[in-house]
Amino acid sequence: MRRLLALVLALAAVPCEAGTAPARRIVSLAPNITELLYTAGAGDRIVAAVEFSDYPAAAKQLPRIGDAFRIDYERLLALEPDLVIAWRDGTPGAMVNELRRLKQPVRELRIAGLDDVATALRELGSWTGTAATADRAAVEYLARLESLRARHRGDAPLSVFFEISATPLYTVNDRHPISEVIRLCGGSNIFADLGQLAPAVGIESVLARNPEVILFADDEPASLEYWERWPQLTAVREHNLYAVSSDRISRTTVRILEGAEQVCERLADVRRRRAAAH
């Protein structure tokens, strides 16, 4: 398996761009974009998507044109889309360049952080003529995000390791949305300083940085047993090993706030148990 604009008041309705008809035949090149299109009220305009576009349920029925790294260009051309949406932070640049060479109407959405979700919703509403629905969803999202930030502002800090996968061992740096979620909940990512967005790390590095909490995706069922092999870690010794929903925490959509609520609750549990022990 990843930011607040200004204020909710800054979210004014945005109509379709001047002189541009709303998109009616859309191809989505990323699962998070597919999900955001449904949230923005434009799910019925999608004519194809990539693999793992599985939310909401209707998205599972969409025709597939490939995955996030490789698509069937002939099939895409046959669909005659009036809008192809790429994820600037995830779709390979070579794919976007090839679509432009083929004269396809491709646009890129930047969704790198929590605030960008609201911005993306508004852009999608502008492109598809569903601004009212998209803006309403953006306002609701930002209100929930600000509520979470306010609720956990001032929480006692905890050092956190987030495991994307155990074999090989991958984590996230500070530019990843998951790391932003950890900060929102009062945590400090022990590998925030690494250069890669999702770097591979060695167990020796984790042992050296000794996190107080270890979080891992719930689609990595062996992770609990893996970490119990290292009882010298504070997180293991204090039983601060927690699974979080991979589907919610890893996708930059409105559901990432559900993942954030899980992370915040896990860290709050650590603080409660520590307080009770003293």
Worked check of side chain to side chain contact (heavy atoms under 4.5 Å, CB included) between L184 and C264: CA-CA 8 Å; L184 183 155; C264 289; 3.8 Å; yes

Can [X] and [Y] be counted as having a side-chain donor-acceptor contact under 3.5 angstrom?
| X | Y | value |
| --- | --- | --- |
| E212 | S159 | yes |
| Y242 | D269 | yes |
| N240 | R266 | no |
| N32 | T252 | yes |

Stepwise salt bridge (charged side-chain N to carboxylate O under 4.0 Å, His left out) check, R183 with D174: CA-CA 9 Å; R183 288 198 308 276; D174 200 47; 2.7 Å; yes

Using a 3.5 Å distance criterion without hydrogens, assess whether the side chain of [X] forms a donor-acceptor pair with backbone atoms of [Y].
| X | Y | answer |
| --- | --- | --- |
| T234 | P211 | no |
| R248 | Q262 | no |
| T130 | S126 | no |

hydrophobic_cluster_shared for [Y] and [X], side chain cutoff 4.5 Å:
| X | Y | value |
| --- | --- | --- |
| V50 | I26 | no |
| W127 | V47 | no |
| L109 | V254 | yes |
| L62 | F52 | no |
| L158 | I249 | yes |

On a heavy-atom basis, which atom in [X] and which in [Y] lie closest, and how many Å separate them?
| X | Y | answer |
| --- | --- | --- |
| E163 | S223 | OE2-OG, 2.6 Å |
| A48 | L79 | CB-CD1, 3.4 Å |
| Y73 | L102 | CD2-CD1, 3.9 Å |
| N173 | G195 | ND2-O, 3.3 Å |
| S28 | T34 | OG-OG1, 2.7 Å |
| P231 | V236 | CA-CG1, 3.8 Å |

Does the pair E258 and R255 meet the rule for a salt bridge (charged side-chain N to carboxylate O under 4.0 Å, His left out), with working shown? CA-CA 5 Å; E258 296 175 19; R255 289 191 301 148; 5.6 Å; no

If you round to the nearest 0.5 Å, how far is [atom2] of [Y] from [atom1] of [X]?
| X | Y | atom1 | atom2 | answer |
| --- | --- | --- | --- | --- |
| N97 | L99 | CG | CG | 9.0 Å |
| R122 | L124 | CZ | CG | 12.0 Å |
| I33 | R107 | CD1 | CZ | 13.0 Å |
| Q104 | L83 | CD | CG | 10.5 Å |
| L267 | I182 | CG | CD1 | 8.0 Å |
| L224 | L241 | CG | CG | 5.5 Å |

Side chain to side chain contact (heavy atoms under 4.5 Å, CB included) between I178 and N189, worked out: CA-CA 9 Å; I178 290 174; N189 177 4; over 6 Å; no

Which residue pairs pass the ring pair (Phe, Tyr, Trp, His ring centres under 6.0 Å) test with at least one member in residues 143-174, sequence neighbours excluded? F161-F191, F161-W227

Is there a side chain to side chain contact (heavy atoms under 4.5 Å, CB included) between L257 and L148 once you walk through the steps? CA-CA 8 Å; L257 296 188; L148 265 175; 4.3 Å; yes

Quick one: do S246 and D218 satisfy side-chain hydrogen bond (donor to acceptor under 3.5 Å, both in side chains)? Show the steps, please. CA-CA 6 Å; S246 173; D218 60 3; 4.9 Å; no

Is the count of non-hydrogen atoms from other residues, nucleotides or ligands lying under 6.0 Å from R70 atom CZ greater than 12? no

Give the C-alpha distance, both sets of side-chain angles, the deciding distance and a yes or no for side chain to side chain contact (heavy atoms under 4.5 Å, CB included) between R237 and Q232. CA-CA 7 Å; R237 186 173 64 252; Q232 62 268 51; 5.8 Å; no

What I'd like to find out is whether the side chain of P31 reaches to under 4.5 Å of the side chain of S53, using heavy atoms alone. yes

Counting C-beta onward and ignoring hydrogens, is there a side-chain heavy-atom pair between I111 and T119 closer than 4.5 Å? no

Give the C-alpha distance, both sets of side-chain angles, the deciding distance and a yes or no for salt bridge (charged side-chain N to carboxylate O under 4.0 Å, His left out) between E80 and R25. CA-CA 7 Å; E80 299 183 343; R25 296 183 58 79; 5.8 Å; no

Result for side chain to side chain contact (heavy atoms under 4.5 Å, CB included) between I85 and one of I46, T128, L37, V106 points to L37

Salt bridge flag under 4.0 Å for residues R273 and E238: no

Mind running salt bridge (charged side-chain N to carboxylate O under 4.0 Å, His left out) on E123 and R110 for me, showing each step along the way? CA-CA 10 Å; E123 285 188 279; R110 183 181 185 276; over 6 Å; no

